[in-house]
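Just so we're clear, the structure is a prediction, and the values are computed from it rather than from any experiment.
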2 protein chains.
Amino acid sequence: MTATDSEPEPVRQDASRFRAVLGMVGDKWSLLVVCNLEEGPRRFSELKRSVDGISQRMLTATLRNLERDGILTRTVHNVMPPHVSYALTPMGSTLREATLPLLEWSAEHLALIDDARAQYDTRADTRPPSPSGSTPDSR
Amino acid sequence: MTATDSEPEPVRQDASRFRAVLGMVGDKWSLLVVCNLEEGPRRFSELKRSVDGISQRMLTATLRNLERDGILTRTVHNVMPPHVSYALTPMGSTLREATLPLLEWSAEHLALIDDARAQYDTRADTRPPSPSGSTPDSR
DNA sequence: CGGTATCCAACTGGATACTG
DNA sequence: CAGTATCCAGTTGGATACCG
């Protein structure tokens, strides 16, 4: 109790956790890789094939980050040709389980979101025209 | 059943859902805004103060996207001075609930992850030196 | 008060070529 | 096979100034 906590709300606490979790799995590929390791260890090229669309560069970077965070392990087998396998740690497994509710939510609401977007865009189309430049930046 | 599904695994299905959910809440601010609306409707400037660190530009953009996706509603009160309030929709509330397990996971494992990173970085420091360029890119 | 417009620095991620 | 190196396009997001 340092007497300076003017905001005892839990939202404050959430902020740093959201940063942490988004910094770890908020990127384009991490969760996909984690899911592909769920059934057991896999090799680099297996992952590259099954994640589909990922480049070597991104797969390597994603695996390194997840390894650094203790989500998975990297095992090098010194044979010819080279053989490297990746496997989830116990922590990695619990992470994946923690993402399941969000995944279920997504499955349930994807259609509703599409709907909401279509309605929003339709309403936006009926807005009064701008003086000169129409599309505002479009970024 | 187009007979061409060579991969009946559910991972395939997850991919598009992860994209969808990350496209919606995987950015820097969305989840923070959603959390701040949990206790009830709030005004633009209240949100700007309580999210702390967010710029007008990003708060506006974040709110627009969440509104478009049906996560929250925007209500304009035509008084002087202007008054706009934002509130979670039922869908927004369920979204927030779906993120709770991930938040709890984060709270439980933050220290472990820091630990894993420190160990990884220590091991990386003991690696044999590269021929010329040491830090690989570091962009 | 609640935005919009503009500019710009930093980061993400894809394509390609090369290495042990 | 499993990376690493380089280059480059596209996007994110902050600072600032201005508007209804």
Side-chain angles (χ1 to χ4, degrees), chain A residues 19 22-33 41-67 72-87 124 127-139, chain B residues 18-19 22-33 41-67 72-86 124 127-139:
Chain A
R19 310 276 177 188
L22 289 176
M24 244 187 316
V25 299
D27 62 282
K28 210 172 169 183
W29 303 109
S30 292
L31 289 179
L32 247 31
V33 168
R42 306 196 68 173
R43 298 180 51 174
F44 185 87
S45 41
E46 285 183 294
L47 286 171
K48 187 162 187 311
R49 262 187 302 275
S50 70
V51 174
D52 189 80
I54 197 170
S55 58
Q56 288 125 326
R57 186 162 128 57
M58 288 318 295
L59 182 54
T60 304
T62 302
L63 290 168
R64 283 293 187 285
N65 287 331
L66 292 174
E67 184 196 3
L72 53 80
T73 59
R74 176 174 182 267
T75 310
V76 182
H77 308 268
N78 271 318
V79 295
M80 254 318 263
H83 186 126
V84 181
S85 66
Y86 296 87
R127 280 186 312 189
S130 305
S132 52
S134 43
T135 45
D137 222 9
S138 83
R139 303 177 19 138
Chain B
F18 274 137
R19 311 274 178 191
L22 288 176
M24 241 187 318
V25 300
D27 62 281
K28 209 170 168 184
W29 303 109
S30 292
L31 289 180
L32 247 29
V33 168
R42 306 194 68 174
R43 299 179 52 172
F44 186 88
S45 40
E46 285 183 296
L47 287 172
K48 186 161 188 313
R49 261 187 302 276
S50 70
V51 174
D52 189 78
I54 196 169
S55 59
Q56 286 129 327
R57 187 161 127 58
M58 288 318 296
L59 182 54
T60 304
T62 302
L63 289 169
R64 282 294 186 285
N65 287 332
L66 292 173
E67 184 195 3
L72 52 79
T73 59
R74 176 173 181 266
T75 310
V76 182
H77 309 268
N78 271 318
V79 295
M80 253 319 263
H83 187 127
V84 181
S85 65
Y86 296 87
R127 279 186 314 190
S130 305
S132 52
S134 43
T135 46
D137 222 8
S138 83
R139 334 183 316 157

query = Has A:K48 got a side-chain N or O lying under 4.0 Å from the OP1 or OP2 atom of D:dG3?
reply = no
ask   = D:dT4 phosphate, OP1 or OP2: any side-chain N/O from A:R64 under 4.0 angstrom?
value = yes
ask   = Taking all atoms of both residues into account, what is the closest heavy-atom pair of B:V33 and B:L63, and its distance?
value = CG1-CD2, 3.8 Å
inquiry  = Under the rule for side-chain contact (heavy atoms from CB on, under 4.5 Å), what residues qualify as partners of A:V76, not counting sequence neighbours?
reply    = A:R74, A:N78, A:V84
task = Tell me, please, which residues at least two apart from A:A87 pass side-chain contact (heavy atoms from CB on, under 4.5 Å).
result = A:P41, A:T73
task = Mind calculating the distance between CE (B:M58) and P (C:dA5) to the nearest angstrom?
result = 16 Å
task = Please state whether the phosphate of D:dA2, meaning OP1 or OP2, lies under 4.0 angstrom from any side-chain nitrogen or oxygen of A:R43.
result = yes
task = Rounded off to whole Å, could you give me the CG-to-C1' distance for the B:N65 and D:dT11 pair?
result = 13 Å
ask   = Under the side-chain contact (heavy atoms from CB on, under 4.5 Å) test, which residues partner B:D27, sequence neighbours left out?
value = B:W29, B:S30, B:T62
ask   = For the pair made of CG in A:L63 and P in D:dA2, what is the distance, rounded to whole Å?
value = 11 Å
message = When you measure from the side-chain N and O atoms of A:S45 to the phosphate of D:dA2, is any distance below 4.0 Å, counting only OP1 and OP2?
response = yes
Under 4.0 angstrom between A:R57 side-chain N/O and C:dA15 OP1 or OP2 = no
query = What is the bend of the helix from C:dC1-D:dG20 to C:dG20-D:dC1 when you compare the axis at one end with the axis at the other, using five pairs each and rounding to 10°?
reply = 40°
inquiry  = What is the distance, to the nearest angstrom, from the CZ atom on B:F44 to the C1' atom on C:dT4?
reply    = 11 Å
remark   = Note: contacts of residues 73-82 of chain B with DNA chain D (heavy atom, under 4.0 Å) are B:P82
message = Show the nearest heavy-atom pair for residues A:P82 and A:R43, with the distance to one decimal.
response = O-NH2, 3.7 Å
query = How would you list, by chain and number, every residue that makes a side chain to side chain donor-acceptor pair (under 3.5 Å) with B:R64, sequence neighbours excluded?
reply = none
message = Output the rounded distance in Å from CG (B:L59) to C1' (D:dA15).
response = 16 Å
task = Return the set of residues passing side chain to side chain donor-acceptor pair (under 3.5 Å) with B:R19 (not counting sequence neighbours), or none when no residue passes.
result = none
request  = Among B:L32, B:L59, B:T60, find the one that has a side-chain contact (heavy atoms from CB on, under 4.5 Å) with B:I54.
outcome  = B:L59
ask   = Would you call the rings of B:F44 and B:Y86 parallel, tilted or perpendicular if under 30° counts as parallel and over 60° as perpendicular?
value = tilted
query = Can you tell me how far C1' of D:dT12 sits from CG of B:L22, to the nearest Å?
reply = 15 Å
key: Separation of atom CG in B:D27 from atom P in C:dC11, rounded to whole Å   = 18 Å
query = Nearest nucleotide by nearest heavy atom, which residue falls closer to the 5' end of DNA chain C, A:Q56 or A:G26?
reply = A:G26
task = Take the protein atom CD1 of B:I54 and the nucleotide atom P of C:dG3, then report the distance between them rounded to whole Å.
result = 12 Å
